[in-house]
Amino acid sequence: MADLDTQSNKRQKAGGLGSDPDVDPRVPVLRISQLDALELDSSLEQLLWNQFSQCFQNCRPGVLTPLEPELRVLLHLLLWRFTLYSRNSTVGQSLLSLRYHSKASSSSQYRPLSPRQKLALAVLTAGPRWLQERSYHLLPCLGLSTRGPMSERDDGFLQKGLRNAFAVVSGVTKFASLLNFLVFLRNGRHPVLAERLAGAQAVFSKPNVVRDVTYQYMNRELLWHGFAEFLIFLLPLINTRKLKAAMSLFVFGGEGSDGGGRDRQEVWKECGLCGEWPTMPHTVGCRHVFCYYCIKSHSIADAYLTCPKCGAEARQPELVNMEMQMVGR
């Protein structure tokens, strides 16, 4: 029993500080597992940022906006300190039984990342993102002073040149990331450029790990996607306006069509669709009036249009002659 405990302690120490005999770096890791680990890490970082932002929800709006890039970098470094730096794997990799292996070693056995590689991985991940968000705010902080018209012109050229340089560097970085991803699809290693530059490769932390997706999860996803596609197909076919008019007619009852002249004047003061004073008033066979453009556009869109007020079947729009009476003050 003591020998088993001693062997287990040695294995834990070997896994944390040195080689692990149970891990074979030559076993290829599925591409989808590496991409899922990155998505889990990104989701965790976004979740923590949302929780952090809720702490300031009672403050004035935009209180975190001036320092948002720096706060995101600080949050990323805190996650790096308590996950990758201490355990040699991110949260997403831990959930998928993965860890980083150092490519700097020529040995075929597993070797954890060195502190320098971990720091390089953190800087290469958070640094470009922060620099991209702060590129246009860094130019005024370079101490470009103006001393006359010539100096102002030189500073303008310098700022424009720096902006172009930032744009070129950003474009080259994105193009390199694209090439790296194409290479990753080819050989299945280093999904992001930072891992390739730091010499970090994702390997299995346990031997004989099989990616297993339960049938219940697959069944739930298939049912949800099928239901979503059915709603996307069905909703455009439902005439919500006609359904609303039918429900209103059933609940509140229809309005009489033989009301007095005073009630008719009250009804004719607003369009039955937009609620404003009717422009070029038209009727469709009931006691309500509509703007010409309102009723014409709705009749073109719906061949079986009904009056949204009383539910009567709409006929061809007919012009209404309304008499205007000037009332003195």
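Since the model is a prediction, treat every value here as computed from it, not as a measurement.
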Legend entry - Within the 6.0 Å centroid threshold, strictly below: His101 and Tyr110: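 His101 vs Tyr110: aromatic centres under 6.0 Å.
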Legend entry - Centroid-centroid distance, Tyr292 to His282, less than 6.0 Å: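 Here the rings of His282 and Tyr292 have centres that are less than 6.0 Å from each other.
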Legend entry - Pairing of Glu133 and Arg129 as salt bridge, 4.0 angstrom limit: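 No salt bridge links Glu133 with Arg129.
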Linked, directly or transitively: [X] and [Y] (ILVMFWY side chains, under 4.5 Å):
X      : Y      : value
Leu84  : Leu79  : no
Leu121 : Trp80  : yes
Leu74  : Leu48  : no
Leu231 : Trp224 : yes
Phe56  : Leu75  : yes

Supply the atom-to-atom distance [X] [atom1] to [Y] [atom2], rounded to the nearest 0.5 angstrom.
X      : Y      : atom1 : atom2 : result
Leu193 : Leu124 : CG    : CG    : 8.0 Å
Leu113 : Gln201 : CG    : CD    : 10.5 Å
Cys291 : Lys296 : SG    : NZ    : 15.0 Å
Ser170 : Phe175 : OG    : CZ    : 14.0 Å
Arg189 : Phe184 : CZ    : CZ    : 11.0 Å
Cys294 : Met280 : SG    : CE    : 11.5 Å

Side chains of [X] and [Y] in contact at under 4.5 Å (non-hydrogen atoms):
X      : Y      : answer
Phe290 : Thr283 : no
Val203 : Val27  : no
Phe181 : Leu35  : yes
Thr279 : Tyr293 : no
Val91  : Leu40  : no
Arg81  : Ser86  : yes
Lys174 : Leu178 : no
Tyr85  : Leu119 : no

Is it the case that [X] and [Y] place a side-chain donor and acceptor less than 3.5 Å from each other?
X     : Y      : value
Asn50 : Gln46  : yes
Ser89 : Ser94  : yes
Glu70 : Trp130 : yes

Inset, instruction - Go through Val192 and Ser177 one step at a time and tell me if the side chain to side chain contact (heavy atoms under 4.5 Å, CB included) criterion holds. - result: CA-CA 7 Å; Val192 293; Ser177 300; over 6 Å; no
With distance as the sole test, does [X] use its side chain to make a donor-acceptor pair with the main-chain N or O of [Y] at under 3.5 Å?
X      : Y      : answer
Gln117 : Ala198 : yes
Thr90  : Asp41  : no
Gln34  : Gly188 : yes
Asn88  : Pro112 : no
Asn180 : Arg196 : no
Ser42  : Leu38  : no
Thr125 : Ala122 : no
Arg99  : Gln93  : no

Inset, instruction - For Arg87 and Phe82, work out which heavy atoms get closest and say how close. - result: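 Scanning both residues, the minimum pair turns out to be NE-O, 4.4 Å.
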